[in-house]
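What follows is a single structure, written as structure tokens, with notes after it.
Just the heavy atoms: all of them, side chains too, but no hydrogens, waters or symmetry mates, feed the values below. Residue numbers start from 1 in every chain, and the chains themselves are labelled A, B, ... in the order their sequence lines are given, proteins ahead of strands.
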Amino acid sequence: MHGSPELPLSFTLNGDAVSVEADPAARLLDLLRYDLGMTGTKEGCGEGECGACTVWIDGLPADSCLVPAFQVDGREVRTIESVDPARLGPLLSSGATQCGACTPGVVMTGLWILENPGLLRSHAIRELMAGNLCRCTGYDGIIEGIEAALGTRS
Amino acid sequence: MERIEGLAKLTGRERYVDDLQVDGALWGMTVRSRAPRGRIREIRFDPAVDWSEIVVVDHRDIPGANEVLLIEPDQPVLAAERVRHVHEPVLLLAHPSREVVRRAAHAIEIEVDPEPPYLDVSVPPRPDQLQRGEDNVFKRLRIEKGDVDTALARAARVVEGEYRTGAQEHVYIETQGMLAWEENGVVFIKGSLQCPYYVHKAAIRALGREPDGVRIVQAATGGGFGGKEEYPSMIALHAALLTLAADRPVKIVYDRGEDMEATTKRHPAIVRHRTGVDADGRLVAQDIDVVMDGGAYVTLSPVVLSRGIIHASGPYRCENVRIHGRVMLTNSPPHGAFRGFGAPQTHFANERHMDVVAAAAGLDPIELRRRNLLLDGDETATGQRIVDGVDRIALLDQAVDLSGWREKEAAHAELARTDPWLRRGMGLACFHHGAGFTGSGEVMLASRLDVAGLPDGRVEVRSANIEMGQGTLTIFTAIAAARLGLAPSEVAIAEADTGRVPNSGPTVASRTAMIVGRLVEEACDDLRLRLGLPADARGEEIRQAVREHARATGEETVGRAEYEPPRGVLWDDATYRGDAYAAYGWGAYVAEVEVDLRTWATRVVDFVAVQDVGTVLHRTLAAGQVQGGVAQGIGWALMEECRWKDGAMQNAQLTNYIVPTSFDLPPIRVHFGETPWPGGPMGAKGLGELPIDGPAPAVVNAVARAIGVAPTEIPLTPERLMDLDRRAEGRHARIA
């Protein structure tokens with residue numbers, strides 16, 4: 001498609017082994033959305049500012065618009081499609097989503113906080129969420145939802 | 001009740017236009033002018049590209065009129081002979097590969113013989129910059145009440161000020177996009193949009209088709225804020241032209257850069273005030289002049305100006321008011337609808353000015369406002385008598401109390417004595433926002449809405465009003481369920497498809513819940529009537545009657561409603577007198593800020609938002625509207641700056657067009673007065689836009705009080721604040 005050679009690429013996607021032929025310079029975001037049809041991950045800015053395209057790579061949140069596809073070879077990628085809806089009740093009730101375009105990225109970062117609560121010893125939730133721009137909520141619904149989910153956990 | 005589509009959004013299952021994957025679809029791309037004004041001399045295609053594999057469309061391929069029809073037909077779908085702004089669409093391309101079509105767009109050179117652009121509305125156009133009439137004025141409006149000149153001459157004090165507000169980019173997180181295809185001779189256009197029937201009207205005009213030859217369908221829409229009111233018509237037409245030329249489905253999705261540099265922004269404005277007060281600080285005259293930069297084509301500018309001037313004198317009582325407004329043609333990309341629609345600009349000026357007036361009158365900002373706020377029975381600048389039972393002084397007092405104003409002021413004075421760098425201040429704004437279209441607008445829209453009984457006993461609301469995050473689906477469901485005594489799960493909301501739903505008007509102007517929500521109630525009542533049920537029939541009676549009627553007739557029963565203005569609401573467009581809006585929301589916001597004199601950065605540390613918007617239909621959704629609006633308002637006040645050069649935005653990326661993050665904002669504390677308004681569904685008034693009117697003046701007034709400067713322009717960036725302090729007396733700069 002780009003006229004450049006496609007290379008074989010293998011990684012774990014949401015727990016499943018995936019092997020694809022891909023332009024190594026393609027963005028992970030496009031590989032997920034257009035080649036693998038996993039459109040839950042959204043593009044907001046394409047330059048790593050807004051966080052809408054946040055996925056996990058080896059357990060850490062990353063902007064998939066900034067990751068060349070070859071970089072996930074042999075690694076573990078987790079996207080919004082892997083998230084159990086049953087965990088999202090607190091975010092639904094708190095008004096964490098309005099238009100929904102930033103939401104998958106917000107959920108992936110929020111989940112990272114939930115699964116790594118030790119982060120909160122050194123950082124506030126507002127600081128940890130600062131890489132995910134939301135233009136609808138003013139963030140209160142998001143912060144309250146994550147707080148509520150943390151409360152549920154403990 | 002939870003947000004209807006909330007879980008789909010939280011799990012990423014909601015399908016936006018770029019998530020719709022269509023076999024055989026081409027990617028469309030727009031080739032744009034690089035010059036702000038001039039005559040197209042030549043279009044050069046790089047011979048290194050194989051153009052035979054690329055679909056190319058220009059203005060000659062438009063089957064109907066080359067017009068993006070809205071208020072005036074002046075804006076072309078594709079520029080033919082001249083361009084009037086940078087990034088004006090000239091050509092369209094399509095190809096199966098997005099990469100190929102992007103590269104092709106860069107391989108086209110549009111040569112323009114330049115003509116002098118007009119870019120600064122603070123100075124009149126030179127003769128060689130004239131492009132409309134004798135003065136480049138798109139629209140001039142005036143409001144006159146009493147005798148301003150005599151009142152100013154007799155006033156104890158006259159206070160003057162000039163205030164400026166910058167363009168603001170919407171930054172909806174989903175960029176704009178459209179998918180078009182042809183099916184059995186009908187052109188379908190589906191995408192991210194607020195107003196299906198605006199797109200429909202523009203499409204039948206430019207495509208030269210009968211109304212049933214075009215169908216507009218809304219896809220899930222990732223934020224709008226006004227930015228998807230008019231520009232989607234342009235993209236829809238482009239996608240449609242390409243699909244007709246290619247005989248294949250075509251998708252156009254803007255990347256962030258294209259979206260920011262080419263689509264509309266909030267109108268920049270300059271507002272001048274001359275205000276007379278008596279010895280007690282009561283307003284005796286308001287003389288206000290409003291100038292807005294409309295950009296290159298009319299789009300919605302006349303109505304933005306209208307709403308701007310109607311709100312320009314604030315929620316205050318004054319016998320003598322003169323407001324002159326004009327919106328100018330410039331060679332910037334057209335400015336357009338943005339939440340608040342002209343009112344945030346004039347409210348910023350008025351509320352910032354009120355603090356200046358208070359200082360001149362020797363009153364504190366709270367007391368000046370308490371003396372002048374409209375009481376029930378008072379008249380606005382247009383002569384509208386306000387009798388809605390809202391106690392506007394009580395709202396102000398509540399906001400002040402909740403903010404801890406008095407105690408904090410004492411603490412701030414102590415901080416200023418003890419801390420070398422940090423200063424804090426409290427700031428206030430009182431404001432209002434008319435819900436629904438201005439003046440006779442709702443009467444002219446004549447919105448229609450249906451509620452149909454489905455064969456399975458459920459009902460379906462059919463409206464053209466869309467969900468873009470603000471909660472339409474949930475609110476309409478709640479209103480219909482309450483009206484008919486059904487469970488929310490028994491209410492469906494039809495997809496906004498012009499082939500299936502009547503025209504209930506655009507999803508703008510804080511009108512959806514209040515005006516269209518009322519139509520939902522009326523259509524429910526009409527459905528009950530058509531089912532032959534008594535007016536108090538609910539629940540099981542409705543369910544049964546709907547099923548039986550479908551069985552007996554083989555047809556669904558449809559309840560219908562059409563807008564009628566509330567009794568006694570009268571407006572005269574010729575004189576600009578009368579009831580400008582059926583109802584107003586009222587707000588009193590207090591900001592506490594901290595300024596760091598080392599960096600000149602301002603941080604909002606507390607924010608209290610008190611408003612009365614009638615009955616609150618849904619707590620979480622309503623609070624979310626307020627918090628989101630406040631966040632946008634704080635961004636506009638402090639950091640969101642469009643940098644222009646030769647008519648082009650220089651910072652069309654989120655790296656250097658800065659919007660607030662979660663770390664930049666305090667929790668927004670939201671409180672509602674709830675004085676029911678009988679004209680709205682369950683007593684509700686419009687809400688969506690009100691919250692963006694108050695934050696900018698509240699925050700800037702707080703900065704002014706924190707460090708003793710008098711800012712007049714937003715965004716009040718650190719650079720601007722430092723310059724302001726140096727120009728004033730350099731007090732803080734010397735300390736630093």
Side-chain angles (χ1 to χ4, degrees), chain A residues 1-3 23 30 33-34 37-50 52 79-81 83-85 88-89 91-108 124-145, chain B residues 2-3 5-16 18-21 96-100 170-175 220-225 253 255-257 467-471 620-621 623-632 634 653-655 659-665 667-668 670:
Chain A
M1 179 165 113
H2 298 223
D23 176 347
D30 294 336
R33 287 181 53 78
Y34 302 131
M38 303 188 80
T39 55
T41 303
K42 307 300 179 192
E43 174 165 0
C45 70
E47 56 176 1
E49 290 290 338
C50 78
T79 68
I80 187 70
E81 281 84 359
V83 176
D84 178 1
L88 300 170
L91 291 164
L92 182 60
S93 304
S94 67
T97 184
Q98 287 189 25
C99 86
C102 76
T103 304
V106 164
V107 169
M108 292 310 288
I125 296 175
R126 280 187 181 270
E127 195 178 353
L128 295 166
M129 291 304 300
N132 290 84
L133 296 179
C134 169
R135 195 58 158 169
C136 293
T137 64
Y139 303 104
D140 288 298
I142 293 170
I143 305 299
E144 285 163 23
Chain B
E2 307 283 18
R3 171 182 287 274
E5 80 295 1
L7 206 54
K9 286 174 170 175
L10 284 160
T11 53
R13 282 185 281 110
E14 189 75 304
R15 308 270 273 168
Y16 303 82
D18 196 24
D19 303 333
L20 306 172
Q21 306 203 346
S97 158
R98 198 176 197 178
E99 193 53 38
V100 167
H170 305 83
V171 194
Y172 28 70
I173 298 297
E174 183 218 18
T175 55
T221 296
F225 316 116
V253 176
D255 67 18
R256 181 59 63 183
E467 173 69 52
M468 55 178 155
Q470 85 287 37
T620 308
L621 293 184
Q625 284 297 296
V626 174
Q627 289 157 337
V630 169
Q632 283 177 351
I634 290 173
Q653 54 186 123
L654 293 180
T655 299
V659 300
T661 71
S662 53
F663 202 44
D664 298 319
L665 297 172
I668 314 295
V670 180

field: Sub-4.5 Å side-chain heavy-atom contact between B:Glu14 and A:Thr103
entry: no
Bottom line for B:Gln653: the part with an atom under 4.5 Å from chain A's heavy atoms is both
*Note, A:Arg126 side chain near B:Pro667 side chain (heavy atom, < 4.5 Å)*: yes
Scanning both residues in full, the closest heavy-atom pair of A:Cys99 with B:Gly222 reads SG-C, 3.2 Å
Looking only at heavy atoms, the pair that brings B:Leu654 and A:Glu47 closest together is N-OE2, 2.9 Å
Under 4.5 Å to a heavy atom of chain A? For B:Arg13 that would be neither
Between the OG atom in B:Ser662 and the CD1 atom in A:Ile143, the distance rounded to the nearest 0.5 Å is 5.0 Å
In this structure, SG of A:Cys102 is separated from CD of B:Glu174 (nearest 0.5 Å) by 12.0 Å
Most contact-rich option vs chain B, by heavy-atom pairs under 4.5 angstrom, among A:Ile125, A:Thr137, A:Val107, is A:Thr137
Taken to the nearest 0.5 Å, the spacing of B:Thr661 OG1 from A:Tyr139 OH works out to 6.0 Å
Here the pair of heavy atoms bringing B:Ala631 nearest to A:Gly138 is CB-CA, 3.6 Å
Okay, B:Thr11 and chain A: the region with an atom under 4.5 Å from a heavy atom over there is both
Is the CZ atom of B:Phe663 crowded by more than 12 outside heavy atoms at less than 6.0 Å? no
Scanning both residues in full, the closest heavy-atom pair of B:Phe225 with A:Cys136 reads CZ-SG, 3.7 Å
dist A:Ile142:CD1 -> B:Gln627:CD (nearest 0.5 Å) comes out at 10.5 Å
Practice item. Take A:Arg33 and B:Asp18 through the side-chain contact (heavy atoms from CB on, under 4.5 Å) test and state the conclusion after the steps. Key: CA-CA 9 Å; A:Arg33 287 181 53 78; B:Asp18 196 24; 3.2 Å; yes
Applying a strict 4.5 Å limit to non-hydrogen atoms, the region of B:Val171 in contact with chain A is both
Heavy atoms of A:Arg135 and B:Ile173 approach each other most closely as N-CG1, 4.2 Å
Exercise for the section: Please examine the side chains of A:Thr97 and B:Glu5, heavy atoms only from C-beta on, and report whether any two atoms are closer than 4.5 Å. Expected result: no
Per-residue tally against chain A (heavy atom, under 4.5 Å) across B:Asp19, B:Val670, B:Asp255 peaks at B:Asp19
Max heavy-atom pairs within cutoff under 4.5 Å with chain B, candidates A:Gly100, A:Pro104, A:Gly40, goes to A:Gly100
Okay, B:Asp664 and chain A: the region with an atom under 4.5 Å from a heavy atom over there is neither
Are the side chains of B:Arg3 and A:Gln98 in contact, using a 4.5 Å heavy-atom criterion? yes
Counting heavy-atom pairs under 4.5 Å with chain B, the top scorer among A:Ile80, A:Leu92, A:Asp140 is A:Asp140
Would you say the side-chain atoms of B:Glu2 and A:Ser93 include a donor-acceptor pair closer than 3.5 Å?
yes
Residue from A:Pro85, A:Gly95, A:Ala52, A:Gly44 scoring the most non-hydrogen pairs under 4.5 Å with chain B is A:Gly44
So, the part of B:Gln21 with a heavy atom under 4.5 Å from chain A: the answer is side chain
The interface call for B:Thr620 against chain A, heavy-atom contacts under 4.5 Å, is side chain
When the 4.5 angstrom heavy-atom criterion is applied to A:Ser94 and chain B, the contacting part is backbone
